[in-house]
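Structure first, commentary second.
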Amino acid sequence: MGKKYHPDAEELNNMLERECPSMYSLLSEKGKSIYFPKHGIAKQSKEAKQARLNGSIGMAMEDNGSPICLTSIKNTVSLAPGDIVPYAPNYGVPELRNKWKKLQAEKNPSHIGTTSLPLITNGLTHALNMTGFLFLDPGDKLILSDMYWGNYNLIFNTSYGADLVTFNTFSGGYDLKSFEEKIQSFPGKQVILLNYPHNPTGYTITEKEAEKLKQIILKSAEEGNKILVILDDAYFGLVYEPQVMKESFFSYLSDLHENILTVKIDGATKEYYVWGFRLGFITYNSKSMNEKSYTALEDKTAGVIRSSISSANRLSQSLLLHTLNSDDYKKEMQEKYNLLNLRYLKVKEILATNQDEYNQLFTPYPFNSGYFMCLKIKDGIDTEILRKKLLKKYSIGIITSKNFLRVAFSSLAEENIPEVFEGIYLACKELDS
Ligand SMILES: Cc1ncc(COP(=O)(O)O)c(C=O)c1O
C-alpha cells in the first residue's frame, strides 16, 4: 500500500498524477507530502475579510481597522501603512506576481508556452531551497557545471541529501559534450541545474550553444527520461556581447516536451540591485501541464513557503511594485547596465593590453555577462596564499577556489580595475617559483 498523505496533499497528488504523470513522477517524497492547508488559518482569514467585525487576523489594528504602524516607521517610508506592515499573502502580493509574469513575457518574447503565476520567495536562495524540497530525495543526482556557486552544496546536498554531479564547464567553449555524456550516464529522473549569467565565471552560453543544449535535453526527453531543469536566472539581463543568449533559457525549453518540467528561479535581488530586499520568484513551465495542474503545483509551493518563511517581506514587495510601476525605472536600469558594461569593457581592455605578461601567470576563463569573471591561475601557485597576499600587501579583496580566482568587477570602480589586475599579476609573480 502506498504512503498515506494528508487528504489535501492526496487531492493535489491525484490530480497531478492524472493530468501530468511525468511531472508528478519528479516530485520528491516531501514534495508529495506538502500541500497548502485548505481550511487553515490563512484561508479562514481570507474569508473573514468580508466580515463587518474581523477578529481573525494575527495582527494588531487601530480602532478604524487600519494596521497599527509606529509613527517613526510611517515617517521613514512614504507608503501607506497597509503597504508597509501587514503580512503579505503566502503566495506573494497578487499585483506583483502578475506584474512579474508580464515582465518575464516582455523580456523573453520567444517564450510561447503557458506558465504558472510566479510565487514570491525570500530571495533566490529560498526559491532554490524550495525546489530541493519539492523535487529532490536523498541520493538523487543534481547535474551542474563543475564551476558553480558554492551555496548549492548547502542547499541541495546538505539540506536534501542530493549528490552534486558535475560536467566540465569549458573545453575551449562551453563543454556541451561533457554535459551530454553526464546526463546520458544518469537515465531515469534527471535533475539539471543551469545558471546564466553564471556565478562564478560570468559566462552566458551563446545563442548557438543554447540551441545545441536544447537539442541535447530534447533528445533525452524523447528517450523517455523525466527531466527537471532548474534555471537560476539571478543575474538575468546583464549580457555584454552580441550573439550571447539574451533571453532566459526558459524560452528555449518552453513547451518543448511532456517529459520536461522547467523551474525558472529569478528575482529582484541581483537584477534590480536590491540584494537585502530578499525577493525571488519561482515559475513553472511544462508542456504536460495545464491551468489546473499549474495551480496544484503553485499550491504545493505555497505550502513550502508557508512552512518555511510563512510569506515574503511585505515592504520589499510594495517597494518593488512601486518601482516597477514607475515611469523612470527602465531608464535607471539602463544607466546601471551601462555602468557595469563599462567595467566589463575595462576588464577586457586590461587583459588584452597586458596579455603577453599576464598569460604567463594567469588566463581568463570565457566571460561575457553578469557580475564576475574568473582567472585560471598557473599551476604551482597556491590560490589561498595568493588571496592572503593580495589582501595584506596590496589591499585587494577577491575570491579564490582551488585553482581559480574570481573578480567581481560589478563592485569595482572602472578607474580601479587596472590596479586590481596589476596587483594580481605582481602577487602571482612573487609566488611563482
Ligand atoms: C548564481 C546565484 N544564484 C542565487 C544567488 C542568491 O540570490 P539571493 O540573494 O536572491 O538569495 C546568488 C548569490 O550570490 C548567486 O550567485
Side-chain angles (χ1 to χ4, degrees), residues 107 123-125 128 145 147-152 169-170 194-205 231-242 244-246 248 265-281 316 320 323 329-354 358 362-377 383 386-387 390-391 394-401 404-425:
K107 294 183 216 171
L124 281 91
T125 305
L128 290 159
S145 63
M147 296 170 88
Y148 61 83
W149 181 43
N151 202 16
Y152 292 152
T169 313
F170 298 116
L194 300 170
N195 161 226
Y196 313 114
H198 186 235
N199 179 6
T201 64
Y203 187 73
T204 294
I205 50 176
L231 297 178
D232 180 341
D233 285 351
Y235 302 89
F236 182 81
L238 292 168
V239 167
Y240 312 118
E241 298 283 353
V244 173
M245 180 177 73
K246 302 284 183 311
S248 167
I265 291 174
D266 51 18
T269 44
K270 310 277 184 183
E271 197 181 323
Y272 289 88
Y273 313 107
V274 287
W275 309 273
F277 273 28
R278 311 307 303 132
L279 282 184
F281 296 82
S316 300
L320 181 64
T323 300
Y329 92 93
K330 283 194 176 157
K331 192 171 131 260
E332 293 164 17
M333 288 289 286
Q334 184 62 44
E335 283 165 12
K336 298 308 166 199
Y337 169 88
N338 294 345
L339 181 71
L340 294 196
N341 191 20
L342 283 177
R343 293 173 184 171
Y344 165 79
L345 292 172
K346 182 50 99 183
V347 175
K348 284 265 165 192
E349 180 202 314
I350 292 296
L351 290 172
T353 313
N354 299 287
Y358 286 3
F362 54 77
T363 44
Y365 282 98
F367 69 109
N368 51 28
S369 58
Y371 281 23
F372 312 110
M373 60 84 59
C374 284
L375 299 172
K376 181 172 182 353
I377 304 296
T383 49
L386 173 64
R387 187 182 71 79
L390 279 166
L391 207 51
Y394 297 92
S395 198
I396 292 172
I398 42 85
I399 300 288
T400 55
S401 168
F404 72 81
L405 174 160
R406 190 191 78 179
V407 180
F409 57 82
S410 58
S411 66
L412 292 168
E414 188 190 341
E415 61 175 5
N416 295 330
I417 286 174
E419 188 185 333
V420 168
F421 283 90
E422 195 57 18
I424 296 171
Y425 172 69

Return the CG to CD1 distance between Leu124 and Ile265, rounded to the nearest 0.5 Å.
7.0 Å
Spacing of Ser248 atom OG and Tyr196 atom OH [to the nearest 0.5 Å]:
10.5 Å
Rounded to the nearest 0.5 Å, the CZ atom of Phe421 sits from the CG atom of Leu375 at a distance of 5.5 Å
Under the 3.5 angstrom rule, does the side chain of Ser145 hit a backbone N or O of Thr169 as a donor-acceptor pair?
no
Rounded to the nearest 0.5 Å, what's the gap from NZ on Lys270 to OH on Tyr235? Could you check?
3.5 Å
How far apart are the closest heavy atoms of Tyr358 and Leu351, and which atoms are they?
CD2-CD2, 4.1 Å
Donor-acceptor under 3.5 Å (Asn354 side chain, Ile350 main chain):
yes
For residues Thr204 and Ser369, report the shortest heavy-atom separation together with the two atoms involved.
OG1-OG, 2.7 Å
Does some side-chain heavy atom of Val244 sit less than 4.5 Å from a side-chain heavy atom of Ile205?
no
Does the plane of the ring in Tyr344 sit parallel, tilted or perpendicular to the ring in Phe409? Use 30° and 60° as the thresholds.
tilted
Please check this pair: side chain of His198 against backbone of Trp149, looking for a donor-acceptor N/O pair closer than 3.5 Å.
no
Could Glu241 and Lys246 be called an ion pair, given the rule that one side-chain N must be under 4.0 Å from one carboxylate O?
no
Would you say that more than 12 heavy atoms from the other residues, nucleotides or ligands in this model lie under 6.0 Å from the CD of Glu335, or not?
yes
Flag side-chain contact, heavy atom, 4.5 Å: Leu390 against Ile424
yes
Other residues, nucleotides, ligands: >12 heavy atoms within 6.0 Å of Glu419 CD
no
Is any side-chain heavy atom of Tyr337 closer than 4.5 Å to one of Leu238?
yes
Say whether, by atom type as modelled, one donor and one acceptor occur between the side chain of Asn195 and the main chain of Asp232 under 3.5 angstrom.
yes
Got Ile398 and Arg387 here, is their nearest side-chain heavy-atom distance under 4.5 Å?
yes
Compare all side-chain heavy atoms of Pro366 with those of Phe170 and state whether any distance is below 4.5 angstrom.
yes
Here the gap from Arg343 atom CZ to Tyr240 atom OH, rounded to the nearest 0.5 Å, amounts to 9.5 Å
Close side-chain approach of Phe236 to Asp266, heavy-atom, < 4.5 Å:
no
Heavy atoms of other groups near Ile399 CD1, more than 12 under 6.0 Å
no
Can Leu342 and Leu340 be said to form a side chain to side chain contact (heavy atoms under 4.5 Å, CB included), step by step?
CA-CA 5 Å; Leu342 283 177; Leu340 294 196; over 6 Å; no
Heavy-atom donor-acceptor pair, Thr269 side chain to Val274 backbone, under 3.5 Å
no
Would you check, one step at a time, whether the test side chain to side chain contact (heavy atoms under 4.5 Å, CB included) holds for Phe362 with Tyr425?
CA-CA 8 Å; Phe362 54 77; Tyr425 172 69; 4.0 Å; yes
Could you walk me through whether Tyr203 and Asn368 pass side chain to side chain contact (heavy atoms under 4.5 Å, CB included), step by step?
CA-CA 5 Å; Tyr203 187 73; Asn368 51 28; 3.4 Å; yes
With under 30° as parallel and over 60° as perpendicular, where do the rings of Tyr371 and Tyr273 fit, or are they tilted in between?
parallel
Kindly give the heavy-atom pair with the smallest separation between Pro200 and Met147, and that separation in Å.
CD-C, 4.0 Å
Quick one: pull up OH in Tyr148 and OG1 in Thr201 and give me the separation to the nearest 0.5 Å.
14.5 Å
Is a side-chain N or O of Ser395 found less than 3.5 angstrom from the main chain of Leu391, in a donor-acceptor match?
no
Restricting to non-hydrogen atoms, name the atom on Asn199 and the atom on Arg406 that form the minimum distance, rounded to 0.1 Å.
OD1-NH1, 2.9 Å
Would you say the side chain of Thr125 lies within less than 4.5 Å of the side chain of Arg278, judging by non-hydrogen atoms?
yes
